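What follows is a set of notes on a single structure, which appears directly below.
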Amino acid sequence: MTLAEDAIAWYDANARDLPWRQPDTTPWGVLVSEVMLQQTPVVRVEPAWRAWMTRWPTPAALAADPPSEAIRMWGRLGYPRRAMRLHACAVAMVERHGGDVPSDLDQLLALPGVGTYTGRAVATFAYGQRHPVVDTNVRRVVSRAVEGKPDAGPNTTAADLAAVEELLPSDAAKAARASIAFMEIGALVCTARSPRCADCPFEAICAWRLDGSPPLDGPSRKPQRYAGTDRQVRGLLLEVLRHATGPVPKQRLDLVWTDEVQRARALSGLVEDGLVEPFGGSFVLAGDSPEVQIL
DNA sequence: GAAACGTGGTT
DNA sequence: TAACCAAGTTT
């Protein structure tokens with residue numbers, strides 16, 4: 001049995017029943033799930049994905065609504081620029097691909113918000129192509145099982161893609177199965193903090209395990225602060241704007257944060273990023289038409 | 001390559 | 001409780 005075959009066998013017996021894994025899921029459904037799952041846990045994505053797909057079953061449906069609606073629908077998934085990019089994706093797909101999610105990897109990668117991981121994930125899971133699909137789970141699993149290292153680097157490198165490519169079966173369908181299996185093992189068993197090695201299909205051959213599971217020695221990565229950052233202030237501002245039914249006066253936004261300098265920086269940042277638009281002395285979510293709001 | 005970018009649950 | 005962690009992308 002190869003590593004990939006072991007992984008597939010484990011996946012067949014242990015995979016979670018997630019809605020976007022249903023065989024009738026469209027490429028659009030796969031894309032939406034992949035974008036939502038960028039840095040957001042599965043448990044929070046699941047209900048959001050269902051609601052999103054019900055409202056916008058196709059790229060054309062989303063493209064017909066303003067970005068503000070996408071930002072609202074995004075709710076509290078975090079990184080709301082993803083909602084904006086997904087909307088931009090939908091518009092681009094209508095303009096360039098007849099409203100379809102492209103199957104060509106380069107065309108996928110050209111879409112806003114679609115990077116190395118997401119592009120390959122869609123090409124693989126939605127279209128059955130053979131590509132290395134490398135996310136943080138896969139990097140950790142391969143790092144441990146194959147390379148014997150306790151953890152992987154923070155970002156996917158060309159070397160990571162090449163290493164995973166070597167592990168994939170030549171058959172595209174099996175390769176796709178192996179990729180989702182590697183991810184699932186990383187998510188459920190070979191976890192970052194407390195791996196459940198006793199339940200791991202690679203237990204007997206895992207290089208890290210065979211080496212005594214040495215801990216990470218090097219300098220730990222920088223802790224990600226949140227409290228007091230611009231990100232928090234942006235979040236607070238956006239929270240107000242999401243719930244607003246019309247333009248929000250700047251005086252209202254001034255209430256979310258006392259530090260005027262930081263508040264102004266956060267607001268202008270949101271405007272620069274295209275999430276928010278000024279409207280007179282007020283502000284609205286991008287694409288929100290004040291005329292419509294009055295109705 | 002580092003830093004920015006949200007949010008909430010777990011340890 | 002502070003830090004860690006969660007299917008990354010962009011600049």
Side-chain angles (χ1 to χ4, degrees), chain A residues 11 15-16 18-21 29-49 71 74-86 88-89 108-126 131-142 151-158 160-161 164 176 179-188 190-195 215-216 219-242 256 262 265-266 269-270 272-276:
Chain A
Y11 183 82
R16 288 169 292 182
L18 301 173
W20 47 86
R21 289 179 180 170
V30 173
L31 173 60
V32 171
S33 77
E34 295 301 345
V35 173
M36 286 185 170
L37 286 163
Q38 293 169 2
Q39 303 285 280
T40 301
V42 166
V43 288
R44 287 167 53 202
V45 165
E46 204 170 328
W49 183 86
I71 295 168
W74 197 254
R76 304 188 65 79
L77 287 181
Y79 293 142
R81 54 175 51 183
R82 289 181 293 163
M84 196 187 57
R85 288 178 179 151
L86 200 44
C89 249
L108 282 165
L109 293 173
L111 296 170
V114 176
T116 303
Y117 164 76
T118 303
R120 285 170 177 75
V122 172
T124 299
F125 303 139
H131 298 285
V133 181
V134 183
D135 73 336
T136 187
N137 290 306
V138 175
R139 290 205 310 282
R140 186 173 54 248
V141 169
V142 171
D151 243 320
N155 297 301
T156 300
T157 63
D160 292 329
L161 290 176
V164 172
S179 286
I180 194 66
F182 288 147
M183 290 173 61
E184 193 77 339
I185 290 166
L188 299 182
C190 191
T191 56
R193 257 185 288 190
S194 304
L216 200 58
S220 62
R221 41 183 215 208
K222 281 182 181 172
Q224 51 168 170
R225 267 190 319 286
Y226 179 63
T229 62
D230 286 3
R231 286 154 75 183
Q232 182 184 18
V233 183
R234 288 165 58 110
L236 292 169
L237 291 169
L238 226 40
E239 174 69 1
V240 172
L241 289 163
R242 265 203 305 269
V256 307
Q262 190 175 21
R265 190 173 59 225
L270 287 172
E272 285 172 25
D273 290 348
L275 286 157
V276 172

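As the structure is a prediction and not an experimental result, all values here were calculated from the model. Below, read A as the first sequence line, B as the second, and so on, with proteins coming before strands; counting in each chain starts at 1.
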For a quick test of reading the model: is some side-chain N or O of A:R234 closer than 4.0 Å to OP1 or OP2 of B:dG6? yes
Partners meeting side-chain hydrogen bond (donor to acceptor under 3.5 Å, both in side chains) with A:D230 (sequence neighbours left out): A:Q262, A:R265
Could you tell me whether A:R139 contacts a base, only the sugar-phosphate backbone, or nothing, with contacts defined as non-hydrogen atoms closer than 4.0 Å? nothing
Respond yes when some side-chain nitrogen or oxygen of A:R242 is under 4.0 Å from OP1 or OP2 of B:dT7, and no when none is. yes
Check this for me: does any side-chain nitrogen of one of A:R21 and A:E184 sit under 4.0 Å from a carboxylate oxygen of the other? yes
Show me the donor-acceptor pairs within less than 3.5 Å that the side chains of residues 114-125 of chain A make with the rest of the protein, sequence neighbours left out.
unit_1	atom_1	unit_2	atom_2	d
A:Y117	OH	A:E34	OE1	2.6
A:T118	OG1	A:Q38	NE2	2.8
A:R120	NH1	A:T116	O	3.2
A:T124	OG1	A:R120	O	2.7

Consider the side chain of A:R16, meaning its heavy atoms from C-beta on, and name the nucleotide among B:dG6, C:dA6, C:dA7 that approaches it most closely. C:dA7
Looking at C:dT9, I'd like to know if its phosphate oxygens (OP1 or OP2) sit under 4.0 Å from a side-chain N or O belonging to A:R81. no
Whole-Å gap separating C1' (C:dT1) and CZ (A:R225): 16 Å
Quantified in whole Å, what is the C1' atom distance between nucleotide B:dG8 and nucleotide C:dT10? 24 Å
Sub-3.5 Å donor-acceptor pair from the side chain of A:S33 to the main-chain atoms of A:W20, do we have one? no
Would you classify A:L270 as touching base, sugar-phosphate or nothing, given that sugar-phosphate means primed atoms plus P, OP1 and OP2, and contacts are heavy atoms under 4.0 Å? nothing
Please state the C1' separation for the pair C:dT1 and C:dC5 - nearest whole angstrom. 16 Å
Would A:V142 and A:V164 count as a side-chain contact (heavy atoms from CB on, under 4.5 Å) here? Give the steps. CA-CA 8 Å; A:V142 171; A:V164 172; 4.1 Å; yes
Per the atom types in the model, does the base of C:dC5 pair as donor or acceptor with the side chain of A:Q39 at under 3.5 Å? no
Within residues 110-123 of chain A, the residues having a heavy atom closer than 4.0 Å to DNA chain B are none
Given DNA chain C, 5'-ward residue of the pair A:N155 and A:A192, judged by closest heavy atom: A:A192
Among residues at least two apart in sequence or on other chains, which ones pass salt bridge (Lys or Arg N to Asp or Glu O under 4.0 Å) with A:R82? none
Name all residues meeting the salt bridge (Lys or Arg N to Asp or Glu O under 4.0 Å) criterion together with A:E239; count only those two or more places apart in sequence or in a different chain, and write none if there are none. A:R76, A:R242
Distance-only donor-acceptor test (3.5 Å): side chain A:Q224, base C:dA6: yes
Got a list of protein N/O to nucleotides 9-11 of chain B N/O distances below 3.5 Å?
unit_1	atom_1	unit_2	atom_2	d
B:dT11	O4'	A:R193	NH1	3.4

Expressed in whole Å, how much space separates the C1' atoms belonging to C:dA6 and B:dG1? 23 Å
Under 4.0 Å, counting only non-hydrogen atoms across every strand here, what does A:W20 touch: a base, just sugar-phosphate, or nothing? base
Under 4.0 Å from OP1 or OP2 of B:dT7: is there any side-chain N or O of A:Y79 that close? no
Considering only the C1' atoms, how many Å lie between B:dT11 and C:dA7, rounded to the nearest integer? 22 Å
Would A:I185 and A:N137 count as a side-chain contact (heavy atoms from CB on, under 4.5 Å) if you check the C-alpha gap in whole Å, the side-chain angles of each, and the deciding distance to 0.1 Å? CA-CA 8 Å; A:I185 290 166; A:N137 290 306; over 6 Å; no
Side chain A:R140, main chain A:C190, donor-acceptor under 3.5 Å: yes
Picking from B:dG6, C:dA7, C:dT10, the nucleotide nearest the side-chain atoms of A:T40 would be B:dG6
Name the closest nucleotide to the A:L37 side chain, picking from C:dA6, C:dA7, B:dG6. C:dA7
Rounded interatomic separation in angstrom, taking OH from A:Y226 and C1' from C:dA2: 16 Å
Do any N or O atoms from the side chain of A:D160 and from the backbone of A:T157 form a donor-acceptor pair under 3.5 angstrom? yes
Whole angstrom value for the distance that separates C1' of B:dC5 from CZ of A:R82: 10 Å
When all nucleic acid strands are considered with a 4.0 Å heavy-atom cut-off, which category describes A:L77: base, sugar-phosphate, or nothing? base
Please tell me if the side chains of A:L238 and A:V276 come closer than 4.5 Å, counting only heavy atoms from C-beta onward. yes
Has A:R140 got a side-chain N or O lying under 4.0 Å from the OP1 or OP2 atom of C:dA6? yes
